[in-house]
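So you know, we letter chains A, B, ... as the sequences are listed, proteins then strands, and number each from 1.
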Amino acid sequence: MSELIVTLLRVGYLVVLWLLVLSAVSVLRRDIFGTRVIARGSVLTGSRRSVPDGGANQRSSRASRGAPSTIRVTAGPLRGTTLKLGQSSVLIGRAPSSTLVLDDDYASNRHARIFPEDGQWFVEDLESRNGTYLGAHRVHGPTPVTIGTPIRIGQTVIELHR
Amino acid sequence: MATVAPSRVRTGRGVEITLLLLALTLGIGAYALVGLATGDALPAGFGGYAATLAAIAVGLHLILRWRAPYADPLILPIVMALNGIGLAMIHRIDLRLDARGLTAGFGDRQELWTIIGAACAAVVLILLRDHRTLRRYTYTAMVVGLVLLVLPMLPGLGVNINGAQVWVRVGPFSVQPAEFAKIALAVFFAGYLVTHRDVLTLAGPKILGLQLPRLRDFGPIVLAWAVSILVLVRQTDLGSSLLFFGLFVAMLYVATERWSWILIGLLMFAAGAVLAANIFGHVGARVDVWLNALDPEIYNRDPGGSGQVVRGLFGMASGGLFGTGWGEGYPDLVPYANSDFIMASLGEELGLTGVMAILMLYLILIERGIRTGIGLRDGFGKLLASGLSFVVALQCFVVVGGVTRLIPLTGLTMPFLASGGSSLVANWIVVALLLRMSDGARRPAGEGGGGLVSTETSLEVVPGDSEPPARDLDPGDTGEFASDDQHTEVVERP
């Protein structure tokens, strides 16, 4: 083989190697530059709403525009955690099998459940010891949740967001 | 108060297949280039090799689509690329060893181990539907891990190869049980720490701004230290002992966020290492080699000379910025060029540019693992993901640091690159666990598929009196699986 081809192949291999590295980096650029941290309450304004929230949620968010798509933990040990909502209910508690596993001594194993019914999301207390509060009121039966209302479970506060 | 803006969930399977194509190009291309450079033709068995790699990539991709559709799209391509590059380099060194009349055939064996490793990963992905299942086996994992560690010391079972008593002979193969012990111990540490971290974090005196743990909470770390020292002494395996102790300290830090643990851990390891260097000849020799590698006296010393390290350094130096090209260098002049010193071999043939790219691939792999830990919503998963990623990171640091003479050389293997079946299979299992956990981390709540998640969330309790209330346990209890069996009557929601 000619010297030229050998050199081209040698350099070409390094180029492909870096191509893999750079394409991998471009896939994770959201992680590198960080998630968008924004002031509470400003999430719902402006153009962000035009972005659909992931494949699974597209249908539901088109069907009813005001439907929440995420749960956010705004206080407590898990603060900052977000959880995408799908079509089915979310179990919250300390049991490792919960959807949102709380690391909160004031929460029960199966503490509360958040579930959709006719396009509306409800929160239900599962006979927890310390109770579930929606705003300032203690929840007993299934209670409709509006977007942005704090749900307090032990030391943890979660909110539904669009 | 600030919140984190939501971002779209993509499964990432499309991205994965593009990157897999690139990764396969790298692995298969390297093999072809080796043949072209050494024999001016594609190597014999090239078709079979290419088909094997492609089948592994496609097979695992399809399994991910089937069983873990939200798994991280970067992990599999990076691992495929690293494994392919390693295979090509091992094959390339085989050719030279063969020409010099030395034992070769590492390449074929490594190819077989790659298939076994990928098959193990597939089995883990198919059988393990949710990583939280592993938490039930916390203490089983501890026993399994310790037994695996002790196994090579048993007479009649352990085999002493190259001065280290870390092998067990199983039929025609020698296996390093320590490689699998690290997975079991990571599971145990994660399960143990997730239940005990509050005690470790909050109890104890505060001295000089450091929150020191209580004396009785010291027990486990002392045990881990003792075991790692025992491994060091009995098996003359410095690398594994560093790995286990580092894993435990790192997971302790992740669990408690207390700097004091890292400080205590470093001090304890330093004390152990200094002691070992003074008492055991082979450890002392390694330190000598590290400090005065270029002394003629130490270079020529046998055994325990610095010839391997120095030749590796010269190999990398002759590679320069862009390397000699696949098949054009002399990496086989370094002893163990295809296992311990594979980074030096790659440095010679791919140059600094290539080695940097490979280290970047490791960096991204580890970043994805730790990112998975951040995304997971249960403490056990967070600890396990960060622990497993840390094991890979520590191995890279210790190996590359040893080869480049940043730290004393220890006997660890470069994950996925180095020749060695146990390490390869164990790391494929680690990757399968990371893929499984990243699926759990990225999956929207209530999407079907996941084991425990879906059984808990896709079932709807019948309103009415037939459902006994979920029992409320004391806030102080450990939150183990108390509630799993309390459904009596459930129906599927439409």
Enquirer: Where do B:A357 and A:V21 come nearest, in terms of heavy atoms and distance?
Expert: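 It is O-CG2, 3.5 Å.
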
Enquirer: Give, as side chain, backbone, both or neither, the part of B:E349 having an atom under 4.5 angstrom from any heavy atom of chain A.
Expert: neither

Enquirer: Evaluate the side chain to side chain contact (heavy atoms under 4.5 Å, CB included) criterion for residues B:W326 and A:L9: first the C-alpha distance (whole Å), next the side-chain angles of each, then the deciding distance (0.1 Å), finally the verdict.
Expert: CA-CA 9 Å; B:W326 280 102; A:L9 283 177; over 6 Å; no

Enquirer: Could you tell me which portion of B:L74 (side chain, backbone, both or neither) has an atom closer than 4.5 angstrom to a non-hydrogen atom of chain A?
Expert: side chain

Enquirer: Checking B:F380 against chain A: side chain, backbone, both or neither under 4.5 Å from a heavy atom?
Expert: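 Neither part; nothing is under 4.5 Å.
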
Enquirer: Output, in order, the C-alpha distance, side-chain angles, deciding distance and verdict of side chain to side chain contact (heavy atoms under 4.5 Å, CB included) for B:E328 and A:V6.
Expert: CA-CA 10 Å; B:E328 307 279 356; A:V6 170; 3.9 Å; yes

Enquirer: Holding to ring pair (Phe, Tyr, Trp, His ring centres under 6.0 Å), I want the full list of residues that pass it with A:F122, two or more places apart in sequence or in another chain.
Expert: A:F115

Enquirer: Specify which of B:L363, B:I358, B:I374, B:D378 makes the most heavy-atom pairs with chain A at under 4.5 Å.
Expert: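 Winner by heavy-atom pair count: B:D378.
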
Enquirer: Counting only heavy atoms closer than 4.5 Å, note whether B:L26 contacts chain A via side chain, backbone, both or neither.
Expert: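 It is both, since atoms from each part get that close.
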
Enquirer: Does any heavy atom of chain A fall under 4.5 Å from the side chain of B:T18, the backbone, both, or neither of them?
Expert: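 Neither part.
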
Enquirer: Please report the interatomic distance OG1(B:T353) to OH(A:Y13), rounded to the nearest 0.5 Å.
Expert: 13.5 Å

Enquirer: What option among B:I85, B:V15, B:V194, B:L33 has the most heavy-atom pairs under 4.5 Å with chain A?
Expert: B:L33

Enquirer: Pick from A:L17, A:V16, A:I71: which one has the most heavy-atom pairs with chain B under 4.5 Å?
Expert: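 The answer is A:L17.
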
Enquirer: Please say which of B:R132, B:K382, B:R377 ends up in a side chain to side chain contact (heavy atoms under 4.5 Å, CB included) with A:V101.
Expert: B:R132

Enquirer: In terms of heavy-atom proximity below 4.5 Å to chain B, should A:L14 be classed as side chain, backbone, both, or neither?
Expert: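 Contact with chain B involves the side chain of A:L14 alone.
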
Enquirer: Go through it in stages, so that I can follow the logic: the residues are A:R10 and B:T324, the test is side chain to side chain contact (heavy atoms under 4.5 Å, CB included), and I'd like the CA-CA distance, side-chain angles, deciding distance and then a yes or no.
Expert: CA-CA 8 Å; A:R10 199 184 81 185; B:T324 58; 5.8 Å; no

Enquirer: Going from CG on A:L20 to CE on B:M80, what distance comes out if it is rounded to the nearest 0.5 angstrom?
Expert: 11.5 Å

Enquirer: Return the minimal non-hydrogen interatomic distance between B:I364 and A:A24, and the atom names on each side.
Expert: CD1-CB, 3.9 Å

Enquirer: What is the distance from atom CG of A:L28 to atom CG of B:D72, rounded to the nearest 0.5 Å?
Expert: 8.0 Å

